[in-house]
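Report on one structure; see the data block that follows.
The basis for the numbers below is simple: all heavy atoms, side chains too, and nothing from hydrogens, waters or symmetry mates.
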There are 2 protein chains.
Amino acid sequence: MHSFTEENYLKIIYHLSQADTGTVQTNAIANGMNTKAASVTDMLKKLADKQLIDYIKYQGVTLTEKGKATAIKVIRKHRLWEVFLVDKLKFRWDEVHDIAEELEHINSPILVERLDDFLGFPKRDPHGDPIPDRDGNFEPSVNIHLHEMPQGKTGIIIGVSDHSSPFLIHLQKLGLTIGVEIEITGITDYDGSVELLMNTKQLNVSKKVAQHILVNLQETI
Amino acid sequence: MHSFTEENYLKIIYHLSQADTGTVQTNAIANGMNTKAASVTDMLKKLADKQLIDYIKYQGVTLTEKGKATAIKVIRKHRLWEVFLVDKLKFRWDEVHDIAEELEHINSPILVERLDDFLGFPKRDPHGDPIPDRDGNFEPSVNIHLHEMPQGKTGIIIGVSDHSSPFLIHLQKLGLTIGVEIEITGITDYDGSVELLMNTKQLNVSKKVAQHILVNLQETI
DNA sequence: TAAAATTTTTAGATTTATCTAAATTTATAA
DNA sequence: TTATAAATTTAGATAAATCTAAAAATTTTA
Ligand SMILES: [Mn+2]
Ligand SMILES: [Mn+2]
Ligand SMILES: [Mn+2]
Ligand SMILES: [Mn+2]
């Protein structure tokens, strides 16, 4: 089996390799793991020995099939536990990540399958991210800016591309916070502002605001 | 916070100190932890430094109040997770211990309280052992031999005091295995054999058999 | 393309939890 | 009450994951 640390490295490498294609750099991993580049190099040698990554000195790494499957299994557990915490234990969406970060390392394949069943085989976690099935397959999440959303489809706010305080405070006031489900109902010709439905409430936000809200399009329910 | 290893040591020391009163010996801990006496000595120094145990060289150890409270918190989590696995995820009673051994180390006080609530504040785990409440209080379990059980009360088989193969095979045939709930319905005057109800089934076992079955008396439901 | 800046790796330590083998202390028994 | 046995501790190593500082490789810039 793999240590917690190894699993966390594989997960970070997986996420980084999704972000931009190509190899993943040592410094990016160090940043994601909150550790130093030298420590990462040590671990990369170990993961390469175990055939979990392909590693060429100074050239960065890619996950092997085995490494990728391992990373996806951990991500599956993480997201299932998040669903459990929100759906069954009544946690808020913003409280569950750190606990899931621990629960994801519990090592019992049968537990994962039973949990999945208990939760009704959810397709998405509370943040709108897809949950891989037992074979590791999942519908990729489609993250776009709010102003590019097609009308009629619903989406979940998953982040912002402007992290300034004034912007975040504005969003807070509007109620447009991470996890909120929205639907575009129209675009105003005059100023490009976006009309949307938040729960049952009708809202109008400026084009500038819409351009900085990241939305996770819901492919299916 | 305490490492998994430290928590496991505290738990073993707690259980050993319940078994027989007085101090707990190095070798007993080594045996319980599946490790060597030399390793235990190292850890005892560390736990003493942290004020979790009182330790006198060559004289064995006792838990401090702080150490005892920590051990009971771990035991509370262990038993709550076992209830979750059996009640919600449909595991059998004999499948849950090893998974709970991992889950007990998840560190989130609020998670424990939410889980307890979700499960309906159970008083006993699937093996009949008491679950400490959030303050660490619990009704001690009362383990007696089957032939000493008062009539009318129900109990759960928690062990045997004869570990020989012929005896265990005999019990297996009768269905009298660990975790099974039973109730004494009468004692036969003629040979001292015991009549009991197992689920809905009526059984008669010899006095010799009854003397070697350990039962956990259910104080409350 | 050569110098400067950045990234990555190596070298050498540290911390935690182990181990084996040897020394020490305590308990048991002749 | 000494000798023997058992339990416990110390000494010295090892493996995993980390660190800092220095060296090496790569990329960028002028
Ligand atoms: Mn998460
Ligand atoms: Mn994690
Ligand atoms: Mn258990
Ligand atoms: Mn444990």
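Counting only distance, with no hydrogens or angles, the side chain of B:E113 and the backbone of B:I110 share no donor-acceptor pair below 3.5 Å. Remark: the backbone N or O of A:L89 is paired with a side-chain donor or acceptor of B:R114 at under 3.5 angstrom.
A salt bridge links A:K11 with A:E101: the closest approach of a Lys/Arg side-chain nitrogen to an acidic carboxylate oxygen falls below 4.0 angstrom. Between A:E82 and A:K77, none of the side-chain N atoms (NZ, or NE/NH1/NH2) sits under 4.0 Å from a carboxylate O, so this pair counts as no salt bridge.
By the 6.0 Å and 45° rule, B:K90 does not stack over the aromatic ring of A:F118.
Considering only side-chain atoms of A:Y55, the nucleotide from C:dT9, D:dT9, D:dT10 that sits closest is C:dT9.
Residue A:N27 has a polar side-chain atom (N or O) positioned under 4.0 Å from OP1 or OP2 of C:dT8. The shortest distance between the side-chain N/O atoms of A:S3 and the OP1/OP2 oxygens of D:dA16 is not below 4.0 Å.
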If you restrict it to nitrogen or oxygen atoms, what contacts under 3.5 Å exist between nucleotides 23-27 of chain C and the protein, and what is each distance?
from   : atom 1 : to    : atom 2 : distance (Å)
C:dT24 : O2     : B:Y58 : OH     : 3.4
C:dT25 : O4'    : B:Y58 : OH     : 3.4

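Listed by first then second residue, pairs satisfying salt bridge (charged side-chain N to carboxylate O under 4.0 Å, His left out) with a partner in residues 54-69 of chain B number zero, not counting sequence neighbours.
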- Message: Test side-chain hydrogen bond (donor to acceptor under 3.5 Å, both in side chains) on B:E7 and B:T5; report intermediate values, then the result.
- Response: CA-CA 5 Å; B:E7 289 188 348; B:T5 309; over 6 Å; no
- Task: Go through the steps to decide whether B:F84 and A:F84 satisfy the test ring pair (Phe, Tyr, Trp, His ring centres under 6.0 Å), and finish with yes or no.
- Result: CA-CA 12 Å; B:F84 169 71; A:F84 169 71; 5.0 Å; yes
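Between the CD atom of A:E6 and the P atom of D:dT18 there is a distance of 10 Å, given to the nearest Å. Taking atom CD1 on A:I29 and atom P on C:dT9, their separation rounds to 9 Å, with Å as the unit. Going from atom NZ of B:K45 over to atom P of C:dT18 covers 15 Å, rounded to whole Å.
Residues from residues 34-42 of chain B with heavy atoms under 4.0 angstrom of DNA chain C, sorted by number: B:T35, B:K36, B:A38, B:S39, B:D42.
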